[in-house]
Chemist: 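Got a structure for you, written out below as structure tokens; questions coming shortly.
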Amino acid sequence: MELNKYSKVITTHGSQPAAQAMLHAIGLKKDDFKKPFIGIASTGYEGNPCNMHLNDLSTQIKKTIDSKLAVPLIFNTIGISDGISMGTDGMKFSLPSREIIADSIESVVSGMSYDALISVVGCDKNMPGALMAMIRLNRPSILVYGGTIAPGCYKGKKLDVVSAFEAWGEKVSGKISDEDYDNVISKSCPGPGACGGMYTANTMASAIEAMGLSLPFNSSNPAVSRHKVEEKKIISKSILNLIEKDIKPLDILTKSSVENAVKLITVLGGSTNAVLHILAICKTANIDFTINDFQRISNNTPYLADLKPSGKFLMEDLHNAGGIPAVMKFMLDNNMLDGDCLTVTGKSIEENLNEINGLKKNQKIIMPINKPIKKTGHIRILYGNLAGNGSVAKITGKEGLYFKGSAKVFNSEVEANNAISKGSIKKGDVIVIRYEGPKGGPGMPEMLKPTSAIVGAGLGKDVALITDGRFSGGTHGFVVGHISPEAFVGGNIALINNNDTIVIDAEKNEINVMIDSYELEKRRKSWSKPKLNISNGTLTKYSKLVSDASNGCVTI
């Protein structure tokens, strides 16, 4: 079998002398032209702890690949830090960056005729973007997660990035001093690695491991650990094995493997962003999987993990309790996973799990099946007159299952943040943040700043927030996002007035504004579509191309 199926076009054809001359220029010899070329896509950059170590990790992986067997070549793609851009106009670029990452990796691997791909990723849009590229290319591939950050600590309390956001809410409500606030900020993120709770980065890393497209333990090994160092040799052997056996992403990714991933993130209480990303991944792979499948799985899968944001523990704690493979082994033993699914090891899920230990005795992170945190999943797909095409709620049960309140309407996140900082939000309010959807934002920014401020102000159980934008994996509280149709295209969220009564029912899976269809139609006649606040550039293109949230916000 040819191992250099793609690269041979430029390395062995006599009609490509210029290509071969340029390959000699980068240090290759004629013998190298017979070997498979492995692209190593690094999302490393200096501006973000999630990604700051990935260029070094990519270099280390390259060094472990036997140069007698293959030619590894590093290239870079972009990243946007959600934590740094949160609450600013920069956040509008976060979700669109997923598409840019996918496009750029696909472009380089295809344009440069690489035979295989290792994607080295950190922050949350890196992972689905890289995976979408892997699927489009369908060449032997492995996704490598850079790992979770170590927890910070102040006054004996473990900290993470959400601690910093919530400290702002505590500060503006007068609950903590300036000195304590400054210490929380300076100590929350002590070094490299992605956000520490079961936020979007760790959620997607876990999901991709469950899909079989990353190696066992890759998602839970911390960024700064001997285990992450030990992964490198396994990665190099595994990619060569995939090339030799011609195992490709679409041999691994099936509806069953996607269901494994959704069941895992339901058990873990993962981020609602996973809904967007998994829908986009499935669309890319032509797998029939919709938002209603999330609800179906959620109805039959318990929420078991006491992990942040709504729980106590961090990913590093889960690593110490046995890691994601131990959770998957627990799920397999309880008939919650399809163990026959293939993985990048060349073995099945069940074969991989036979080789590992289960959860450690006396661990307190994963609850027993008969003592769940919630008998059904936390991800709820809500419909109603405010979400004819669906919406996504994150209901852990701790915030209740039903909320009825009076609307406080804001036409941007900035307006809502200003109101929260001034103490204008009261118990019983339903904060409505609109014109922040994929087309209207544009870019569907996350709403971690207002939700964290609400929790920090002590209103987490007394205030709801709904939006056509989305939420960070660090969000908790009574929140509903991804409302579709969005306000910008005339969805009913655009027609809400202050003091309208809104009812959110997470048992009936409904979200409604309590006004009749006649009144809604009357308001629609006086509504006009607003102009975008931009006129050119990548966000303009994104607004024109992007699908709605219920279809994964894809652009092709």
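Please read these numbers as outputs of a predicted model, since none were measured by experiment.
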Chemist: For Lys232, does the NZ atom have more than 12 heavy-atom neighbours from other residues, nucleotides or ligands under 6.0 Å away?
Modeler: yes
Chemist: Among side-chain atoms of Asp317 and Asn320, is any donor-acceptor pair under 3.5 angstrom?
Modeler: no
Chemist: Any carboxylate oxygen within less than 4.0 angstrom of a Lys/Arg side-chain nitrogen, looking at Asp32 and Lys35?
Modeler: yes
Chemist: Taking atom types as modelled and ignoring hydrogens, do the side chains of Thr200 and Ser271 form a donor-acceptor contact shorter than 3.5 angstrom?
Modeler: yes
Chemist: Measure the spacing between NZ of Lys233 and OG of Ser238 and express it to the nearest 0.5 Å.
Modeler: 14.0 Å
Chemist: For Thr345 and Thr343, which I'm curious about, is there any donor-acceptor pair between the side chains at under 3.5 Å?
Modeler: yes
Chemist: Centre-to-centre under 6.0 Å for His24 and Phe33, is that the case here?
Modeler: yes
Chemist: Consider only side-chain N and O atoms of Ser7 and Asp115, and report whether a donor and an acceptor are under 3.5 Å apart.
Modeler: yes
Chemist: Distance alone, cut at 3.5 Å: any donor-acceptor contact between the side chains of Tyr145 and Asn221?
Modeler: no
Chemist: Do other residues, nucleotides or ligands put more than 12 heavy atoms under 6.0 Å from the CD atom of Glu244?
Modeler: no
Chemist: Applying side-chain hydrogen bond (donor to acceptor under 3.5 Å, both in side chains), run through Glu446 and Asn273 and close with a yes or a no.
Modeler: CA-CA 9 Å; Glu446 290 180 348; Asn273 277 322; 2.8 Å; yes
Chemist: Given the rule in the salt bridge (Lys or Arg N to Asp or Glu O under 4.0 Å) test, do Asp246 and Lys248 qualify, once you have shown the distances and angles that lead to the verdict?
Modeler: CA-CA 6 Å; Asp246 197 31; Lys248 301 176 292 295; 3.4 Å; yes
Chemist: Return the minimal non-hydrogen interatomic distance between Leu143 and Asn218, and the atom names on each side.
Modeler: O-OD1, 3.9 Å
Chemist: Under a 3.5 Å cutoff, is there a donor and acceptor pairing between the side chains of Thr77 and Thr43?
Modeler: no
Chemist: Is the Phe37 ring parallel, tilted or perpendicular to the Tyr114 ring (thresholds 30°, 60°)?
Modeler: tilted
Chemist: Quiz question: by atom type and distance under 3.5 Å, do the side chains of Ser348 and Asp340 form a donor-acceptor pair?
Modeler: no
Chemist: Regarding Asn76 and Asn55, do their side chains bring together a donor and an acceptor under 3.5 Å, going by distance alone?
Modeler: yes
Chemist: For Asn138, does the CG atom sit with more than 12 other heavy atoms under 6.0 Å from it, leaving out its own atoms?
Modeler: yes
Chemist: Supply the atom-to-atom distance Ile381 CD1 to His482 NE2, rounded to the nearest 0.5 angstrom.
Modeler: 8.5 Å
Chemist: Mind running salt bridge (Lys or Arg N to Asp or Glu O under 4.0 Å) on Lys449 and Glu413 for me, showing each step along the way?
Modeler: CA-CA 9 Å; Lys449 190 170 183 178; Glu413 181 194 355; over 6 Å; no
Chemist: Around Lys255, counting heavy atoms of other residues, nucleotides and ligands shown, do more than 12 lie under 6.0 Å from its NZ?
Modeler: yes
Chemist: Do Arg470 and Ser94 have side-chain atoms, one donor and one acceptor, less than 3.5 Å apart?
Modeler: yes
Chemist: Under 4.0 Å between a Lys/Arg side-chain N and an Asp/Glu carboxylate O for Lys34 and Glu2?
Modeler: no
Chemist: Is any NZ, NE, NH1 or NH2 atom of the basic residue among Asp103 and Arg136 found under 4.0 Å from an Asp or Glu carboxylate oxygen of the other?
Modeler: yes
Chemist: Kindly determine whether Ile281 and Leu253 satisfy side chain to side chain contact (heavy atoms under 4.5 Å, CB included), including the steps that lead there.
Modeler: CA-CA 10 Å; Ile281 288 162; Leu253 190 65; 3.8 Å; yes
Chemist: Report yes or no: is the cationic atom of Arg139 (NZ for Lys, CZ for Arg) under 6.0 Å from the centre of the six-membered ring of Tyr6, at an angle within 45° of the ring normal?
Modeler: yes
